[in-house]
Peer 1: 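First the structure, then my questions, so here it is.
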Amino acid sequence: MPTSRAGRTGRTPATRGETFAVVDPATGEAFAEAPAQQPDELDAVVGRAHEAWLSWRSDPLVRSKSLLAAAGAVEAAGADLAPLLTREQGKPLAESYAEVARTAARLRWFAEAAPEPQKITDGRPVRSEVRWRPLGPVAAIVPWNFPLQLASAKFAPALAAGNTVVLKPSPYTPLATRLLGSVLSTALPEGVLTVVTGHEPLGARLASHPGIRHVTFTGSIPTGRAVARGAAASLARVTLELGGNDAAILLDDVDVERITERLFWAAFRNCGQVCMAVKRVYAPDRLCSQVVEALAERARTVVVGAGLDPGSQLGPVNNASQLARVESRTAQALAGGARAAAGGHRLDRPGYFFAPTVLADVPPSAAVVTEEQFGPVLPVLPYRSLDQAVEAANDTGFGLGGSVWGTDLDRAEAVAGRLECGTAWINHHAELSLAQPFAGIKESGVGVAGGPWGLYGNLRPFVVHRPEEA
């Protein structure tokens with residue numbers, strides 16, 4: 001049973017007996033409980049993380065071997081982790097297995113990463129060398145859309161750098177993360193990674209805890225601001241990934257039939273609950289109706305169902321609050337003159353299902369365009385000139401990602417260079433390598449994750465000066 005399996009977490013501290021319900025979004029019913037840990041328990045948790053750090057930071061070889069062992073343990077536990085992840089998050093089982101695999105791959109990638117000392121030559125009779133030191137205990141606060149993958153994006157570089165981690169998942173998806181903590185405890189020393197679960201103000205207290213030296217958070221802009229304010233109390237470093245409202249610009253030479261499948265899944269994967277999903281499409285006037293109908297036809301044929309059903313291609317929205325937000329944004333757009341070429345409504349069945357929706361004739365000022373809807377809804381807007389499309393794509397407080405789609409790759413790349421975002425893709429979207437940096441601009445975030453940039457974000461420079469002669 002998921003309840004008993006999720007409870008064996010090894011490195012999760014004992015609680016005073018309080019629990020909270022975990023809901024299966026495919027049914028809307030609670031199916032398990034998780035410990036509701038209290039803010040006053042964090043002093044002991046962070047204290048143990050600090051004690052573990054004193055030895056964990058000292059031996060890079062031990063860290064590398066431990067992370068490699070952790071990667072193997074995660075892979076071996078895939079048959080337990082993936083179904084539990086689907087049960088609490090909602091995504092199709094194949095996507096949960098992919099998330100487990102990505103978690104293991106990230107551990108393996110960072111196990112092989114190591115900071116490089118740098119010698120400085122400036123003409124003086126002094127040898128200067130920049131070395132790198134870990135920060136201390138790190139708080140990793142993770143949302144519900146990719147609980148394991150985003151957790152590993154935070155703890156893998158932090159651990160590789162020699163830090164310890166206190167990991168807090170969303171209360172919507174605590175179970176697979178608790179089980180992951182148990183799996184990792186077989187490879188990591190005690191106190192190196194601890195999972196804590198509960199509702200607010202647990203996360204706020206963790207972010208502001210004086211023993212935490214780096215807070216890494218993924219979530220909404222308002223919560224990110226609160227996290228930054230909390231971390232400022234102890235001058236802890238922050239890395240914030242605060243979502244996006246990514247635009248896809250289709251050029252006038254685009255092959256609509258050829259790109260429809262890729263573009264559809266760039267918007268609807270994980271039921272649209274991806275920070276860097278395509279959330280707006282801008283198409284040339286003469287192609288707009290063709291683009292709308294191609295995407296709508298795909299939306300009408302996709303199989304929507306419980307993630308554990310083998311035939312499901314798209315699962316439910318994760319929680320009732322998010323479903324209400326998606327429904328409200330869609331209803332507002334329809335009331336303002338938009339047309340649902342596909343979907344546009346909640347599905348009449350148990351659980352948090354919303355029909356895959358493609359909207360046409362959407363007012364550019366509609367909230368479904370200007371805000372991050374974070375669900376299976378995609379507005380398609382026409383443009384008259386390319387300058388107009390680029391201006392509309394950039395006219396947002398977000399700046400996470402964007403993409404350009406067309407046949408002339410040089411022209412598409414030139415247009416991509418005009419987008420105000422952290423990552424721009426050409427003829428695809430939301431594909432990331434473990435070796436590349438991931439960062440947003442504007443309100444989409446602070447700091448950098450991914451690749452060596454993510455590693456160095458968990459380190460501080462330490463400079464040693466030595467004279468050439470005694």
Side-chain angles (χ1 to χ4, degrees), residues 6-7 9 11-23 30 32-50 88-89 135-147 150-151 154-155 158 163-178 180-181 191 193-243 275 318-322 324-325 372 374 443 445-447:
T9 56
R11 298 297 181 249
T12 301
T15 67
R16 293 192 291 267
E18 300 93 336
T19 62
F20 62 93
V22 182
V23 173
E33 293 185 335
Q37 291 162 252
Q38 302 304 308
D40 61 9
E41 299 177 60
L42 290 175
D43 288 345
V45 172
V46 176
R48 286 193 291 271
H50 184 270
E88 66 178 352
Q89 202 282 331
L135 304 172
V138 171
I141 304 175
V142 180
W144 45 259
N145 58 332
F146 289 93
L150 290 175
K154 300 178 186 308
F155 67 66
N163 304 297
T164 53
V165 176
V166 180
L167 171 61
K168 181 196 172 295
S170 164
Y172 290 116
T173 53
L175 301 178
T177 306
R178 282 176 55 81
L180 178 65
L193 185 141
T194 306
V195 179
V196 295
T197 59
H199 290 276
E200 287 305 312
L202 184 66
R205 173 56 178 156
L206 179 59
S208 63
H209 197 284
I212 294 293
R213 302 316 311 147
H214 181 197
V215 182
T216 175
F217 167 83
T218 299
S220 71
I221 291 172
T223 305
R225 289 193 177 109
V227 166
R229 286 193 295 269
S234 58
L235 298 179
R237 185 179 299 183
V238 294
T239 301
L240 308 174
E241 193 270 279
L242 305 180
C275 58
N318 174 257
N319 58 79
S321 176
Q322 187 60 27
R325 176 183 174 88
E372 182 180 29
F374 217 64
E443 294 183 324
V446 175

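Index from 1, following the sequence. All figures in this text were calculated on a predicted structure; none of them were measured in a lab.
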Peer 1: Arg205: what forms a salt bridge (Lys or Arg N to Asp or Glu O under 4.0 Å) with it, not counting sequence neighbours?
Peer 2: Asp43
Peer 1: My understanding is that only residues two or more places apart in sequence, or in another chain, count here; which of them pass side-chain hydrogen bond (donor to acceptor under 3.5 Å, both in side chains) with Thr239?
Peer 2: His214
Peer 1: In the structure I gave you, are the side-chain heavy atoms of Pro143 and Leu150 within less than 4.5 Å of one another anywhere?
Peer 2: yes
Peer 1: Given Thr216 and Ile141, is the side-chain contact (heavy atoms from CB on, under 4.5 Å) satisfied, shown in steps?
Peer 2: CA-CA 6 Å; Thr216 175; Ile141 304 175; over 6 Å; no
Peer 1: Which atoms form the tightest heavy-atom contact between Ala207 and Val215, and what is the distance?
Peer 2: O-CG2, 3.5 Å
Peer 1: Compare every heavy atom of Ala34 with every heavy atom of Leu175, then report the nearest pair and how far apart it is.
Peer 2: CD2-CB, 4.0 Å
Peer 1: Do any side-chain atoms of residues 164-172 form donor-acceptor pairs under 3.5 angstrom with protein atoms, and if so which ones, sequence neighbours left out?
Peer 2:
| from | atom 1 | to | atom 2 | distance (Å) |
| --- | --- | --- | --- | --- |
| Thr164 | OG1 | Ala49 | O | 2.9 |
| Ser170 | OG | Tyr172 | N | 3.0 |

Peer 1: So which heavy atom on Cys275 is nearest to which on Asn145, and how close?
Peer 2: N-ND2, 4.1 Å
Peer 1: Within the 4.5 Å heavy-atom criterion, are Leu202 and Leu42 side-chain neighbours or not?
Peer 2: yes
Peer 1: Could you tell me which residues satisfy side-chain hydrogen bond (donor to acceptor under 3.5 Å, both in side chains) with Arg225, sequence neighbours excluded, listed by chain and number?
Peer 2: Glu443
Peer 1: Can you name the nearest heavy-atom pair linking Glu372 to Arg325, along with the distance?
Peer 2: O-NH2, 3.1 Å
Peer 1: Measure the shortest side-chain to side-chain distance between Phe217 and Glu241 over non-hydrogen atoms and say whether it is less than 4.5 angstrom.
Peer 2: no
Peer 1: My understanding is that only residues two or more places apart in sequence, or in another chain, count here; which of them pass salt bridge (Lys or Arg N to Asp or Glu O under 4.0 Å) with Glu88?
Peer 2: none
Peer 1: Locate the shortest heavy-atom distance separating Pro35 from Thr197; write the atom from each residue and the value.
Peer 2: O-OG1, 2.6 Å
Peer 1: Look at the side chain of Asn163 and the backbone N and O of Pro137, then say whether any donor-acceptor pair between them is shorter than 3.5 Å.
Peer 2: no
Peer 1: Any donor and acceptor pair, going by atom type alone, linking the side chain of Glu200 with main-chain N or O of Ala204 inside 3.5 Å?
Peer 2: yes
Peer 1: Using a 4.5 Å cut-off on heavy atoms from C-beta on, say whether the side chain of Gln38 contacts that of Glu18.
Peer 2: yes
Peer 1: Are Val23 and Asn319 packed together at the side-chain level, in the sense that at least one heavy-atom pair is separated by less than 4.5 angstrom?
Peer 2: no
Peer 1: So, does Arg213 use its side chain to make a donor-acceptor pair with the main chain of Ser234 at under 3.5 Å?
Peer 2: yes
Peer 1: Does some side-chain heavy atom of Thr218 sit less than 4.5 Å from a side-chain heavy atom of Lys154?
Peer 2: yes
Peer 1: Quick one: do His199 and Phe20 satisfy side-chain contact (heavy atoms from CB on, under 4.5 Å)? Show the steps, please.
Peer 2: CA-CA 9 Å; His199 290 276; Phe20 62 93; 3.6 Å; yes
Peer 1: Between Val195 and Thr177, what is the shortest heavy-atom contact and its length?
Peer 2: CG2-O, 3.8 Å
Peer 1: Show the numbers, then the answer: is there a side-chain contact (heavy atoms from CB on, under 4.5 Å) between Val227 and Leu240?
Peer 2: CA-CA 9 Å; Val227 166; Leu240 308 174; 4.0 Å; yes
Peer 1: Quick one: list whatever passes ring-ring contact (aromatic ring centres under 6.0 Å, His included) with Phe374, sequence neighbours left out.
Peer 2: Trp144
Peer 1: So, taking the atom named CG in Leu242 and the one named OG1 in Thr223, what distance separates them when rounded to the nearest 0.5 Å?
Peer 2: 9.0 Å
